[in-house]
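All values reported here derive from a predicted model rather than from experimental measurement.
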Amino acid sequence: MEEANVVEAIDGTISVASAFAGHQEAVQDRDHKFLTKAVEEAYRGVDCGNGGPFGAVVVRDDEVIVSCHNMVLKHTDPTAHAEVTAIREACKKLNNIELSDCEIYASCEPCPMCFGAIHLSRIKRLVYGAKAEAAIAIGFDDFIADALRGTGFYQKANLEIKRADGKEAIIAEQVFEKTKAKFQLY
């Protein structure tokens with residue numbers, strides 16, 4: 001078997017070309033198919049008035065498990081982003097909180113909340129279409145990654161963050177020690 005070819009681009013990014021002839025093209029066709037479905041969901045969500053123009057598809061073994069769109073307005077829930085909704089629905093459908101044999105296709109670069117949900121669900125692969133800047137350009141400013149990096153321009157609210165101390169902190173920490181035997185997650 002041939003070794004993979006590693007190519008470094010001018011911008012410093014690195015890509016790995018598969019040694020298997022035709023593999024890259026097949027992956028691109030497959031990715032295009034599922035990403036197109038995520039984009040269709042984004043349009044569907046806007047047309048229904050359910051939320052912003054974001055869609056996500058969870059796939060396992062080349063089969064769509066769920067196809068969802070942003071439901072923030074419909075559910076009056078700021079956490080009902082397309083990716084989070086798709087992960088919730090996929091977990092219900094597969095009766096499992098771990099989606100390690102699944103991939104997710106998102107119409108737009110996930111915000112940190114969605115990325116956190118993707119990480120926590122153990123999804124093995126993320127493919128997204130638009131960069132976050134495309135959403136920011138039309139007024140979506142929930143991409144808090146910029147705020148975390150200190151580069152945010154669109155800040156809606158001032159948020160004070162304070163860790164409790166004293167007795168409150170102790171009782172909050174004790175819940176983990178007192179319940180650890182009941183949770184053997186991974």
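Asp77 has a carboxylate O that lies under 4.0 Å from a charged side-chain N of Arg88, or vice versa, which qualifies the two as a salt bridge. Salt bridge annotation for Arg60-Glu63: absent, with no cationic side-chain nitrogen under 4.0 angstrom from a carboxylate oxygen.
The hydrophobic clustering, which links ILVMFWY residues whose side-chain heavy atoms are closer than 4.5 Å, places Val66 and Leu126 together. Grouping the Ile, Leu, Val, Met, Phe, Trp and Tyr side chains by contacts below 4.5 angstrom, directly or via other members, places Tyr43 apart from Val57.
The line from OG of Ser67 to CZ of Phe34 is 10.5 Å long, rounded to the nearest 0.5 Å. Put simply, CD1 on Ile118 and OH on Tyr128 are 11.0 Å apart, with the number rounded to the nearest 0.5 Å. For the atom pair His81 NE2 and Phe54 CZ, the distance stands at 7.5 Å (nearest 0.5 Å). Rounding to the nearest 0.5 Å places CD of Glu98 at 11.0 Å from CD1 of Ile123.
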Gln28 and Lys33: side chain to side chain contact (heavy atoms under 4.5 Å, CB included), yes or no, with the steps? CA-CA 9 Å; Gln28 288 173 345; Lys33 177 176 88 172; over 6 Å; no
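More than 12 heavy atoms of other residues, nucleotides or ligands sit less than 6.0 Å from atom NZ of Lys124. Residue-environment remark: NE2 (His119) stays at or below the threshold of 12 foreign heavy atoms within 6.0 Å.
Between the side chain of Asn70 and the backbone N or O of Gly52, at least one donor-acceptor pair lies under 3.5 Å.
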